[in-house]
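All remarks here apply to the structure that follows.
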Amino acid sequence: MSNEEITLTAGDAEVTVSPGNGGRVAGLRVGGLELLRQGQKFGCFPMVPWCGRIRDGRFRDGAAVHQMPLNSPPHAIHGTTRNGPWRTARAGGNEAVLTFDLGDPWPYPGRVTQIAELVEDSLTLTMSVETYGSSFPAQIGWHPWFNRNLGGEDVRLDFTAAWQEERGEDHLPTGRRIEPRPGPWDDCFGMPGGVDVTLTWPGQLELKVTSREEWAVVYDEQEAAVCVEPQTGPPNGLNTAPRLVTPLEPLEASTTWTWRRL
């Protein structure tokens, strides 16, 4: 794993990007406060070419059934790029552009591009998936681990969802949509007007996670951090709500995190 780190700065905000460690945003500091949980597996990693779990690691594309490695038995989870090295296409000042070439165990050749762009009060992450050949189903998402506590009170989460995906005992959506329930969560929510979740560290900072996409997984079952994961479809979405990458139309998504001091 390459130890290369890219540092982006704007105002009193500083972002660290680690291409060699899954193309993840390893740190986001605002006025000296580190908002992301630190550690090799944490920060914020891109989930691609799928998000969350695939049931039994299998997905169907037409008549073909493909088997992905069961990295979270009995399922496959979070795509194929979070532990691999990405390439730096361009970096400097307040922007970094990374790429990842899809290949084995993913059955389709293609390229993922991720752009991180920092301004004084926000970070925008944009990702696209292109095919080098045939069309294929895919998903895009991000998995940030936000620190639950920044030295004051614990973070508060606030969002309005149109529905919650009912979660089965296998942690996958059953296909039923239910009224949103109180946490703790490891659950997928539907937000047809776009993802809009506010994290508030009282007396310190407010951060809004937004995206044009309409799905977000919220995970707050761990003591150290909470996760707000905007994505282009629900868990197991390669089977239930696939988005198609074609030679003419890549799959693209973005998320913006905007903050203000309190």
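All figures in this text were calculated on a predicted structure; none of them were measured in a lab. Numbering of residues begins at 1 and proceeds along the displayed sequence. Keep in mind that the numbers below use all heavy atoms, side chains included, and drop hydrogens, waters and symmetry copies.
Judged by distance alone, the side chain of Gln114 and the main-chain N or O of Val97 form no donor-acceptor pair under 3.5 Å. A donor-acceptor pair is defined here as one N or O able to donate and one able to accept, closer than 3.5 Å; no such pair exists between the side chain of Glu130 and the backbone of Glu249. Listed for the Gln231 side chain is a donor-acceptor partner under 3.5 Å among the backbone atoms of Gly233. A donor-acceptor distance shorter than 3.5 angstrom exists from the side chain of Arg167 to the backbone of Asp186, with no hydrogens or angles considered. A donor-acceptor pair is defined here as one N or O able to donate and one able to accept, closer than 3.5 Å; no such pair exists between the side chain of Arg212 and the backbone of Gly193. Thr88 places no side-chain N or O within donor-acceptor distance of the main-chain N or O of Arg90, the cut-off being under 3.5 Å. At least one donor-acceptor pair closer than 3.5 Å links the side chain of Asn94 to the backbone N or O of Leu118. Side-chain N or O atoms of Gln204 include one that pairs as donor or acceptor with a backbone N or O of Leu150 at under 3.5 Å. Judged by distance alone, with hydrogens and angles left aside, the side-chain atoms of Thr232 form a donor-acceptor pair with the main-chain N or O of Ile140 at under 3.5 Å. At least one donor-acceptor pair closer than 3.5 Å links the side chain of Gln67 to the backbone N or O of Asp56.
We find that Arg55 and Asp170 are joined by a salt bridge, their nearest charged nitrogen and carboxylate oxygen being less than 4.0 Å apart. Residues Asp121 and Lys208 are not paired through a salt bridge, judged by the lack of any N-O separation under 4.0 Å between the basic side chain and the carboxylate. At a threshold of 4.0 Å, the pair Asp187-Arg181 does not count as salt-bridged, since none of the basic side-chain nitrogens sits closer than that to a carboxylate oxygen. We find that Glu213 and Arg243 are joined by a salt bridge, their nearest charged nitrogen and carboxylate oxygen being less than 4.0 Å apart. In summary, Glu34 and Arg37 do not engage in a salt bridge, as defined by a charged side-chain N under 4.0 Å from a carboxylate O.
Here the closest heavy-atom approach between residue Leu125 and residue Cys44 is recorded as CD1-SG, 4.2 Å. Closest approach of Arg24 and Asn83 over heavy atoms only: NH2-OD1, 4.3 Å. Considering all non-hydrogen atoms of both residues, Thr255 and Pro230 come closest at OG1-CG, 3.5 Å. Minimum interatomic distance between Leu157 and Val228 (heavy atoms only, all atoms of both residues): CD2-CG2, 4.0 Å. Closest non-hydrogen pair, Ala116 versus Leu8, comes out as O-CD1, 3.8 Å. When all heavy atoms of Pro180 and Ala161 are compared, the pair lying nearest together is CG-O, 3.5 Å.
Side-chain atoms of Arg156 and Pro202, non-hydrogen and from C-beta on, do get closer than 4.5 Å to each other. The closest side-chain heavy-atom distance from Glu229 to Met47 is below 4.5 Å. Side-chain atoms of Asp154 and Asn149, non-hydrogen and from C-beta on, do get closer than 4.5 Å to each other. Inter-residue side-chain proximity for Pro144 and Val209 is flagged as unmet; no heavy-atom pair is nearer than 4.5 Å. Residues His75 and Ile54 have side chains not in contact (no heavy-atom distance under 4.5 Å, counting atoms from C-beta outward). Arg177 has its side chain out of reach of Glu166: every pair of non-hydrogen atoms, C-beta onward, lies at least 4.5 Å apart. Using a 4.5 Å cut-off on side-chain heavy atoms (C-beta onward), Trp257 and Thr210 make no contact. Residues Asp158 and Thr200 have side chains not in contact (no heavy-atom distance under 4.5 Å, counting atoms from C-beta outward).
Atom CG of Asn236 and atom CD of Glu165 lie 10.5 Å apart (nearest 0.5 Å). One distance of note links CG of Leu172 with CZ of Arg53; it measures 6.5 Å at 0.5 Å rounding. A distance of 11.0 Å separates CD1 in Ile115 from OG1 in Thr99, rounded to the nearest 0.5 Å. Atom CD of residue Glu4 and atom CH2 of residue Trp86 lie 13.5 Å apart, to the nearest 0.5 angstrom. Taken from CG in Asp196 to OG1 in Thr160, the straight-line distance is 8.0 Å, to the nearest 0.5 Å. Rounded to the nearest 0.5 Å, atoms OG (Ser211) and CH2 (Trp142) are 6.5 Å apart.
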Please determine whether side-chain contact (heavy atoms from CB on, under 4.5 Å) holds for the pair Leu33 and Trp259, giving the CA-CA distance in whole Å, both sets of side-chain angles, and the decisive distance to 0.1 Å.
CA-CA 12 Å; Leu33 288 174; Trp259 52 81; over 6 Å; no

Leu262 and Leu205: side-chain contact (heavy atoms from CB on, under 4.5 Å), yes or no, with the steps?
CA-CA 5 Å; Leu262 298 177; Leu205 197 78; 5.6 Å; no

Determine, step by step, whether Tyr219 and His143 satisfy the side-chain hydrogen bond (donor to acceptor under 3.5 Å, both in side chains) criterion, reporting the C-alpha distance in whole Å, the side-chain angles of both residues, the deciding distance to 0.1 Å, and the verdict.
CA-CA 10 Å; Tyr219 176 57; His143 196 305; over 6 Å; no

Before you tell me yes or no, could you show the steps for Thr198 and Glu206 under side-chain contact (heavy atoms from CB on, under 4.5 Å), namely the whole-Å CA-CA distance, both residues' side-chain angles and the distance that decides it to 0.1 Å?
CA-CA 7 Å; Thr198 301; Glu206 176 191 276; 3.6 Å; yes

Where do Thr256 and Thr124 land on the side-chain hydrogen bond (donor to acceptor under 3.5 Å, both in side chains) test, with the steps shown first?
CA-CA 4 Å; Thr256 298; Thr124 297; 2.9 Å; yes

Full working for salt bridge (charged side-chain N to carboxylate O under 4.0 Å, His left out) between Asp12 and Arg29
CA-CA 8 Å; Asp12 69 351; Arg29 289 163 297 283; over 6 Å; no

Any chance you could lay out the side-chain contact (heavy atoms from CB on, under 4.5 Å) test for Thr80 and Leu102, step after step, and finish with the verdict?
CA-CA 8 Å; Thr80 62; Leu102 293 172; 4.0 Å; yes

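Listed by first and then second residue, the ring pair (Phe, Tyr, Trp, His ring centres under 6.0 Å) pairs involving residues 172-191 are Phe159-Trp185, Phe159-Phe189, Trp185-Phe189 (not counting sequence neighbours).
Within 6.0 Å of CD in Glu221 there are more than 12 heavy atoms belonging to other residues, nucleotides or ligands.
Leu199 and Trp215 fall into different hydrophobic clusters, defined by Ile, Leu, Val, Met, Phe, Trp and Tyr side-chain heavy atoms under 4.5 Å apart, directly or through other members. The hydrophobic cluster containing Val25 also contains Leu207, counting ILVMFWY residues as joined when their side-chain heavy atoms lie under 4.5 angstrom apart, directly or transitively. Both Met68 and Leu251 sit in one connected hydrophobic cluster of ILVMFWY residues. Membership requires side-chain heavy atoms under 4.5 Å apart, directly or through other members. Met127 and Ile6 end up in the same hydrophobic cluster when Ile, Leu, Val, Met, Phe, Trp and Tyr side chains are linked at under 4.5 Å. Following chains of ILVMFWY side-chain contacts shorter than 4.5 Å, one cannot reach Leu123 starting from Trp145, and the two form parts of different hydrophobic clusters.
Side-chain atoms of Arg111 and Thr131 form no donor-acceptor pair, as typed in the model, at a separation below 3.5 Å.
Classification of the Phe59-Trp106 ring pair by plane angle, with boundaries at 30° and 60°, yields parallel.
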